[in-house]
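Report on one structure; see the data block that follows.
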Amino acid sequence: MYEYHILTQLKKYTKANKSFHVPGHKARGDFNAKFPVAKMDVTELSYSDNLACPDGVILKAQRDVAEILGAKKSWFLTDGSTCGVLSMLYVLRKRGNKIIVPRNCHQSVWNACRLFGFEPVIVQGKTKQGVLLPPEPKLIDGLLDNDINICGMIAVSPDYYGNVAPLKEYSEIIKKHKRLLAVDEAHGAHLAFERENGAYAGVYADIWVDGAHKCLPSLTQGAVLSVNDERLSADIEDALSIFRTTSPSYPIMASVEYGIKYVANNKTLLTDAKSARKIIEEKLSGFEIYPSDDWTKVAVDFAPLKISPDKAAKELENKGIYAELSDGRHLLFYLSPMTTAKDANELSAALISLKNNKKIQGTYKALPELPENERTYSFQYALNKKAEQVPLKSAVGRMCAKNAGITPPCIPVAVAGEMITAQTVKVLESAKNTFGLCDGKITVVKK
């Protein structure tokens with residue numbers, strides 16, 4: 001059984017006087033009553049250790065977590081997986097000026113390219129039910145054969161919908177070319193406990209980030225950055241000194257250690273949660289569920305039901321059930337090792353009731369398919385040209401100067417350097433939530 005080093009230490013000192021160090025709430029008065037975690041919300045003290053240079057409970061916790069994750073070394077992040085993505089690409093940028101970026105990568109990857117002057121070599125997979133898939137390995141091999149300036153690849157696996165990338169094949173190809181493989185596993189921290197399935201990034205990647213808070217019992221923003229190649233450690237420490245906050249949340253940190261160790265200490269959690277998933281599949285046999293590679297993602301397809309997923313989501317919310325997202329076709333529900341049979345039964349019953357809800361029948365409207373944009377100029381070229389904002393409808397035929405896309409899942413529809421098409425405009429206009437647009441305008445290269 002693994003000990004909870006950080007949590008135990010924080011609990012031990014909850015009665016210590018907090019008058020003379022930050023944070024300013026001092027764990028007192030009305031704040032303490034409304035935020036019980038305040039007693040453990042401390043700063044770097046003699047007993048709490050220092051995340052920037054740990055030599056106490058944090059060091060012990062990180063070593064234990066690395067052991068559980070099968071990593072050479074692991075670092076806690078209290079700034080979300082985004083901090084890990086920025087750090088990984090900072091490390092890779094020292095080894096070349098180009099990187100292979102699948103089209104379905106999170107916006108943080110593109111932001112890192114923008115920050116570091118990285119040229120993303122974009123590869124796009126096929127689509128399934130309107131969802132972008134990981135690119136085929138042969139595309140990666142061809143790119144590395146033809147360009148020595150490509151330092152490696154950042155893969156996203158699993159994605160929001162549970163599509164697992166062919167990491168084994170990516171790894172073999174990238175090792176053959178003596179490059180590096182980084183993996184954004186923000187949605188797959190639980191896969192460390194299912195290595196026999198071949199989906200866990202830690203088996204194949206040189207460096208990867210796990211979003212503990214997404215799929216494990218950890219607080220939001222809790223994540224872990226890990227390496228299999230210790231030669232990268234010094235550069236990672238350098239990166240973390242830039243991107244990780246100098247005021248890390250101790251409750252978040254403690255929860256990252258807790259989430260990983262709690263699942264490691266209680267193996268039946270996974271078995272029970274997977275059984276709950278089977279309940280959903282059995283009870284929703286009359287529904288179309290996206291064929292995910294990851295049991296924690298349940299994306300119900302509302303196209304065959306002729307029901308708007310947005311309207312379905314509102315009906316569910318009236319019953320206290322909140323989906324992770326609606327993409328205009330699917331409602332996506334996230335499970336975790338903490339999901340119970342009771343949860344599964346309640347979700348299934350609520351979804352089944354939607355079929356007979358006459359108020360929302362016939363409300364489905366198909367969304368336009370994702371475009372395959374023409375790439376004429378490089379990402380960095382477009383970013384460095386003079387730009388202007390124009391109404392979306394006026395942007396057809398113009399070069400995109402700033403990524404614009406849909407959130408969630410926070411992936412771009414138009415990437416800087418691509419020519420904006422009528423299809424691009426249709427997709428962005430039909431999206432409920434977007435990024436990269438301002439008052440209905442998109443940023444383009446100035447004529």
Parallel, tilted or perpendicular, judged at 30° and 60°: which one describes the rings of Phe116 and Tyr90? perpendicular
Between Glu67 and Tyr2, is a side chain to side chain donor-acceptor pair (under 3.5 Å) present by the stated rule, with each step listed? CA-CA 11 Å; Glu67 179 179 275; Tyr2 287 97; 2.5 Å; yes
Selection residues 353-369 - residue pairs positive for side-chain hydrogen bond (donor to acceptor under 3.5 Å, both in side chains), sequence neighbours left out: Glu315-Asn357, Glu315-Lys359, Lys319-Ser353
On a heavy-atom basis, which atom in Leu437 and which in Leu392 lie closest, and how many Å separate them? CD1-CD1, 4.0 Å
How long is the gap from CG on Asn104 to OG on Ser157, to the nearest 0.5 Å? 9.5 Å
Could you tell me whether the side chain of Val131 reaches within less than 4.5 Å of the side chain of Thr127, counting heavy atoms only? no
Main-chain N/O of Gly198 paired to Arg195 side chain as donor or acceptor, under 3.5 Å: no
Please tell me whether Thr296 and Asp294 have a donor and an acceptor in their side chains that are separated by less than 3.5 angstrom. yes
Is the closest basic N to carboxylate O distance between Lys176 and Asp141 below 4.0 Å? yes
Leu180 side, atom CG; Ile150 side, atom CD1 - distance, nearest 0.5 Å: 13.0 Å
Do any N or O atoms from the side chain of Asn265 and from the backbone of Met1 form a donor-acceptor pair under 3.5 angstrom? no
Over 12 non-hydrogen atoms of neighbours within 6.0 angstrom of CD1 in Ile148: no
Is Arg329 close to Asp301 at the side-chain level, that is, under 4.5 Å between some pair of heavy atoms? yes
Applying ring pair (Phe, Tyr, Trp, His ring centres under 6.0 Å), run through Phe302 and His330 and close with a yes or a no. CA-CA 6 Å; Phe302 278 80; His330 306 90; 8.9 Å; no
Pro368 and its side-chain contact (heavy atoms from CB on, under 4.5 Å) partner, picked from Val427, Thr424, Val425: Val427
Any donor-acceptor pair under 3.5 Å linking the side-chain atoms of Tyr160 with those of Glu324? yes
Under the 3.5 angstrom rule, does the side chain of Thr339 hit a backbone N or O of Leu335 as a donor-acceptor pair? no
Go through the steps to decide whether Glu388 and Lys447 satisfy the test salt bridge (charged side-chain N to carboxylate O under 4.0 Å, His left out), and finish with yes or no. CA-CA 9 Å; Glu388 61 182 343; Lys447 288 183 178 178; over 6 Å; no
Donor + acceptor pair across side chains of Ser226, Ser74 (<3.5 Å): yes
Passes side chain to side chain donor-acceptor pair (under 3.5 Å), Asp64 versus His5? Steps please. CA-CA 10 Å; Asp64 284 351; His5 297 299; 3.0 Å; yes
Between the side chains of Asp272 and Ser275, does any donor sit under 3.5 Å from an acceptor? no
If you draw a 6.0 Å radius around CD in Glu288, do more than 12 non-hydrogen atoms from other residues or ligands fall strictly inside? no
Side-chain heavy-atom pair Val101, Phe379 within 4.5 angstrom cut-off: no
Show me the pairs that pass side-chain hydrogen bond (donor to acceptor under 3.5 Å, both in side chains) and involve residues 431-443, at least two apart or across chains. none
Would you call Lys94 and Leu92 a side-chain contact if the rule is heavy atoms closer than 4.5 Å? no
Determine whether the side chains of Thr245 and Asp79 contain a donor N or O and an acceptor N or O closer than 3.5 Å. no
Selection residues 385-429 - residue pairs positive for ring pair (Phe, Tyr, Trp, His ring centres under 6.0 Å), sequence neighbours left out: none
Side-chain (His177) to main-chain (Arg179) donor-acceptor, under 3.5 angstrom: no
Are Leu219 and Val256 side-chain neighbours, meaning at least one heavy-atom pair lies under 4.5 Å? no
Hey, what do you get for CG (Leu325) to CZ (Phe333), rounding to the nearest 0.5 Å? 9.5 Å
Under a 4.5 Å cut-off applied to non-hydrogen side-chain atoms, are Asp184 and Cys105 in contact? no
Whether Glu169 and Lys138 form a salt bridge (side-chain N of Lys/Arg under 4.0 Å from carboxylate O of Asp/Glu) is what I want to check. no
Donor-acceptor contact present, side-chain Thr340 to main-chain Asp343, <3.5 Å: yes
If you measure from CE on Met153 to CG on Asp206, what distance do you get to the nearest 0.5 Å? 12.5 Å
Do Ile207 and Leu181 pass the side chain to side chain contact (heavy atoms under 4.5 Å, CB included) test, and can you show the C-alpha distance, the side-chain angles, and the key distance before you say yes or no? CA-CA 7 Å; Ile207 180 172; Leu181 174 62; over 6 Å; no
Neighbour count above 12 (heavy atom, 6.0 Å) for Lys128 NZ: yes
If you apply the rule side chain to side chain contact (heavy atoms under 4.5 Å, CB included), what do you find for Tyr377 with Lys385, and how did you get there? CA-CA 11 Å; Tyr377 292 92; Lys385 298 296 287 183; over 6 Å; no
Donor-acceptor check, side chain of Ser394 to backbone of Val390, threshold 3.5 angstrom: yes or no? no
Could you measure the distance from the NZ atom of Lys297 to the CD1 atom of Ile289? Nearest 0.5 Å is fine. 15.0 Å
Salt-bridge present (Asp229, Lys72; N to O < 4.0 Å): no
Is there a side-chain contact between Pro217 and Val263 (heavy atoms, below 4.5 Å)? yes
Could you check whether any side-chain N or O of Ser292 sits under 3.5 Å from a backbone N or O of Tyr161, counting only pairs where one atom can act as donor and the other as acceptor? yes
Test side chain to side chain contact (heavy atoms under 4.5 Å, CB included) applied to Trp75 and Val65, step by step: CA-CA 9 Å; Trp75 295 262; Val65 164; over 6 Å; no
Compare all side-chain heavy atoms of Ile99 with those of Val121 and state whether any distance is below 4.5 angstrom. no
For Glu172 and Tyr204, which I'm curious about, is there any donor-acceptor pair between the side chains at under 3.5 Å? no
To the closest 0.5 Å, what do you measure between CD (Gln62) and NZ (Lys73)? 8.0 Å
Under 3.5 Å donor-acceptor, Gln380 side chain and Cys113 backbone: yes
Are any side-chain N or O atoms of Arg93 and backbone N or O atoms of Ala112, one a donor and one an acceptor, separated by less than 3.5 Å? no
Lys274 NZ: over 12 foreign heavy atoms closer than 6.0 Å: yes
Heavy atoms of Leu191 and Ala199 approach each other most closely as CD1-O, 3.8 Å
Between Val298 and Arg277, is a side chain to side chain contact (heavy atoms under 4.5 Å, CB included) present by the stated rule, with each step listed? CA-CA 8 Å; Val298 180; Arg277 162 74 190 225; 3.2 Å; yes
Side-chain donor/acceptor of Ser308 to backbone N/O of Asp310, under 3.5 Å: yes
Are more than 12 heavy atoms, taken from residues, nucleotides or ligands other than Arg95, located less than 6.0 Å from that residue's CZ atom? yes
